[in-house]
Engineer: 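Before anything else, here's the structure in question.
So that the names make sense, note that chain A is the first sequence line, chain B the second, and so on, each numbered from 1. Any value given below was found using the heavy atoms of this structure, including those in side chains, with hydrogens, waters and symmetry copies removed.
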Protein chains: 2
Amino acid sequence: MTVTRLDIDLDRSSPVPLYFQLAERIAEAIQNGELPSGTRLDNEVQLADQLGLSRPTVRQAIQYLVDKGLLVRKRGVGTQVVHGQVKRAVELTSLYDDLRRAGQQPETRVLSIDTVPAEEDVAGVLGVAPGTPVLRLERIRYASGEPLALLQNWLPAGVASLTAEALQARGLYELLRSAGVRMRVANQRIGARTATPAEARLLEERRGCPLLTMVRTTYDDQGRAVEHGSHVYRASHYALEVTLVER
Amino acid sequence: MTVTRLDIDLDRSSPVPLYFQLAERIAEAIQNGELPSGTRLDNEVQLADQLGLSRPTVRQAIQYLVDKGLLVRKRGVGTQVVHGQVKRAVELTSLYDDLRRAGQQPETRVLSIDTVPAEEDVAGVLGVAPGTPVLRLERIRYASGEPLALLQNWLPAGVASLTAEALQARGLYELLRSAGVRMRVANQRIGARTATPAEARLLEERRGCPLLTMVRTTYDDQGRAVEHGSHVYRASHYALEVTLVER
DNA sequence: GTGAATAATTTGTCAAGACATACTTACTTA
DNA sequence: TAAGTAAGTATGTCTTGACAAATTATTCAC
């Protein structure tokens, strides 16, 4: 088990916390091969000494990376780099963000954007009375010029001012964040079913083709529902990829 | 904004760390309504004083619950209980665990369990040479007496000794854990497609019915692949529910 | 009465230090 | 030579203390 010495510069005048700078530097070293899989880091006490940091600060940096699945720690043994198998962490992101990150050029066509009275099921999940006006969005998402998904979303009135133009240029979550909405928790249900004729037509697929479905309700940091979405994806063109990390 | 006083007993002779005892007590109070949604906790300094703990210990307990999505903190303001919308955290669990937790009685029928030469794609993900002997499992999972999913799994030789009897009584992950395998990271791909005639027959569905698919490769804490699975679920009977929490 | 500045409040970061626990290695004994 | 014990190693937990940064409330000046 080899221990690799690492060259780490910390900028003490930077507003970026020291523990975070250290975590990023270690992550970078893992990413670029300076710290290959299986490598053992110097022990915490040594690292703290070398870096001129307190041990709890070093621990905080390491814990951050342990939580991300990049490092593993064992009492009495030390801290080691995990195999670089973490591909995509679980995150609260929208399809638009996902596609952009994957290098695909997402495009959006807004079919409709209106205020409608909330039906019983939507009212229930949004925490409003049935019949309360809510904003309903209906869109098609394209990737590489092909239709990929049909997106229906409902938002309580007043959460954010959304226009078709904005929705075409940016993802919904990005717009909500810009509007100061602090999304925190989302309950998500993933399933599958066959496409209705209308859906098949919009998605340019044959009737009865398999769809991956996702129903999601998102809450802000006060626990208020800020968005409910029902999305269907062409299973022939899209699959959900995610990495689970055991704490 | 009301602050609720909480009765908390800590057992200092217990081997359970103090921060964890505190975290559990707070979580319990949130669960049973003593700490309703929106409640503000006493500030960290006060809590530490009242409980006879150091502030970093209190912080560690709170951070644990923040990571779980139960609490939210804001500098200059305080710590507050998030709305109780967290339903099911993202975890590294097997379908067996999930069904049992959901109160459904999972049953397993082992179709086959053999050592076979690894095909190119399986060899690739398991990190062995093509043709290397690997253990292949083929099972049907039932819930409430109905077929729910077809499960194919491949494990490198020597990871664990598995028998049909054991697989019928317990979930695969449970058996791996009992064998000392420390699963840490899993890459997962969720999609949908239509059932082949053979699949439809085994699942007691009509031909071409929609299936929810999940392909997953699981790695241990040393980064070694310990299992690769390809599972298909009756979309009419199963959907994947999960809660995403933004850090 | 309104706006800007200041003070109070609370979390976020960091340090130094000590002891406990789990794991590994080396040494001793039969 | 094998098994048991002791020592060494490294993370886990906890304490005390101090300062920084963000948010909210209060005060002061116009």
Side-chain angles (χ1 to χ4, degrees), chain A residues 1-4 8 10-26 38-67 70-82 180 182 184 221-222 247, chain B residues 1-4 8 10-24 26 39-67 70-82 180 182 184 221-222 247:
Chain A
M1 192 68 70
T2 55
V3 177
T4 302
I8 297 181
L10 299 172
D11 179 1
R12 285 181 182 262
S13 64
S14 164
V16 178
L18 294 173
Y19 82 89
F20 195 74
Q21 288 184 50
L22 176 56
E24 287 199 309
R25 178 68 188 91
I26 294 174
T39 305
R40 195 135 100 205
L41 298 196
D42 285 340
N43 72 50
E44 296 171 355
V45 177
Q46 275 181 333
L47 276 178
D49 195 52
Q50 289 159 15
L51 297 166
L53 297 175
S54 75
R55 188 177 151 219
T57 302
V58 171
R59 289 183 60 76
Q60 195 171 355
I62 291 175
Q63 186 61 44
Y64 184 80
L65 297 176
V66 167
D67 291 342
L70 297 185
L71 297 178
V72 64
R73 290 163 126 170
K74 200 182 291 188
R75 189 190 282 194
V77 180
T79 303
Q80 190 173 21
V81 180
V82 168
R182 275 170 293 218
R184 182 107 182 95
D221 64 6
Q222 303 298 314
R247 276 192 58 111
Chain B
M1 193 68 71
T2 55
V3 177
T4 303
I8 296 180
L10 299 172
D11 180 1
R12 285 179 179 264
S13 65
S14 165
V16 178
L18 294 171
Y19 81 89
F20 195 76
Q21 288 183 49
L22 177 55
E24 286 199 309
I26 293 174
T39 306
R40 193 134 102 209
L41 299 195
D42 284 341
N43 73 50
E44 296 172 355
V45 177
Q46 274 181 336
L47 277 177
D49 195 52
Q50 289 159 16
L51 297 165
L53 297 175
S54 73
R55 190 177 149 219
T57 302
V58 170
R59 289 182 59 77
Q60 194 170 355
I62 292 175
Q63 186 61 42
Y64 183 80
L65 297 176
V66 166
D67 289 343
L70 297 184
L71 297 179
V72 63
R73 295 163 120 166
K74 201 180 295 190
R75 191 190 279 195
V77 180
T79 302
Q80 189 173 23
V81 180
V82 168
R182 276 170 294 216
R184 182 107 180 97
D221 64 6
Q222 303 299 313
R247 272 192 63 108

Engineer: Measure CG/B/Leu22 against P/D/dT13 and give the value in whole Å, please.
Structural biologist: 14 Å
Engineer: Between B/Leu18 and A/Gly78, which residue's closest nucleotide on DNA chain D lies nearer the 5′ terminus?
Structural biologist: A/Gly78
Engineer: Generate the contact string for nucleotides 16-24 of chain D. Rules: B means base contact, S means sugar-phosphate contact only, - means no protein heavy atom under 4.0 Å.
Structural biologist: B-B--BBB-
Engineer: Take the protein atom CG of A/Leu41 and the nucleotide atom C1' of D/dA10, then report the distance between them rounded to whole Å.
Structural biologist: 12 Å
Engineer: When you compare the side chain of B/Val72 with that of B/Val66, does any pair of heavy atoms fall below 4.5 Å?
Structural biologist: no
Engineer: Counting only pairs under 3.5 Å, give me each side-chain donor-acceptor contact of residues 11-19 of chain B, with atom names and distances, residues two or more places apart or in other chains.
Structural biologist:
residue, atom, partner, partner atom, Å
B/Asp11, OD1, B/Ser13, N, 3.0
B/Asp11, OD1, B/Ser13, OG, 2.8
B/Asp11, OD1, B/Ser14, N, 3.3
B/Arg12, NH2, B/Gly52, O, 2.6
B/Ser14, OG, B/Val16, N, 3.0

Engineer: Grab the two heavy atoms, one from B/Leu22 and one from B/Leu10, that are nearest each other, plus how far apart they are.
Structural biologist: N-CD2, 4.0 Å
Engineer: Is there a side-chain contact between A/Arg59 and the phosphate of D/dG12, meaning an N or O under 4.0 Å from OP1 or OP2?
Structural biologist: yes
Engineer: Considering residues at least two apart in sequence or located in another chain, which fulfil the side chain to side chain donor-acceptor pair (under 3.5 Å) criterion with A/Arg25?
Structural biologist: A/Glu28, A/Glu34
Engineer: Just the rounded figure in Å: distance from P of C/dC14 to CG of A/Leu47.
Structural biologist: 15 Å
Engineer: Reckon B/Thr79 has a side-chain N or O less than 4.0 Å from the OP1 or OP2 of C/dT10?
Structural biologist: no
Engineer: How would you list, by chain and number, every residue that makes a side chain to side chain donor-acceptor pair (under 3.5 Å) with A/Arg59, sequence neighbours excluded?
Structural biologist: A/Glu44
Engineer: Taking OH from B/Tyr19 and C1' from D/dC14, how many angstroms apart are they, rounded to a whole number?
Structural biologist: 12 Å
Engineer: OP1 or OP2 of D/dT15 versus the side-chain N and O atoms of B/Thr57: is any pair under 4.0 Å?
Structural biologist: yes
Engineer: Output the rounded distance in Å from CZ (A/Arg40) to P (D/dT9).
Structural biologist: 12 Å
Engineer: Write down the distance between CG (B/Leu51) and P (D/dC14), rounded to a whole number of angstrom.
Structural biologist: 13 Å
Engineer: Where is the tightest heavy-atom contact between A/Thr79 and A/Arg73, given as atom of each residue plus distance?
Structural biologist: OG1-CG, 3.6 Å
Engineer: Provide the full list of salt bridge (Lys or Arg N to Asp or Glu O under 4.0 Å) pairs with a residue in residues 14-23 of chain A, sequence neighbours left out, each pair given once.
Structural biologist: none
Engineer: Report, one pair per line, the protein and nucleotides 4-6 of chain C atoms (nitrogen or oxygen only) whose separation is under 3.5 Å.
Structural biologist:
none

Engineer: Give the rounded distance in Å between these two atoms: CD of B/Gln63 and P of D/dT13.
Structural biologist: 14 Å
Engineer: So, taking the atom named OG1 in B/Thr39 and the one named CD in B/Gln80, what distance separates them when rounded to the nearest 0.5 Å?
Structural biologist: 8.0 Å
Engineer: Measure from CD on B/Gln60 to P on C/dT13 and round the result to the nearest Å.
Structural biologist: 15 Å
Engineer: State which residue, out of B/Val45, B/Val58, B/Asp42, fulfils the side-chain contact (heavy atoms from CB on, under 4.5 Å) condition with B/Gln50.
Structural biologist: B/Asp42
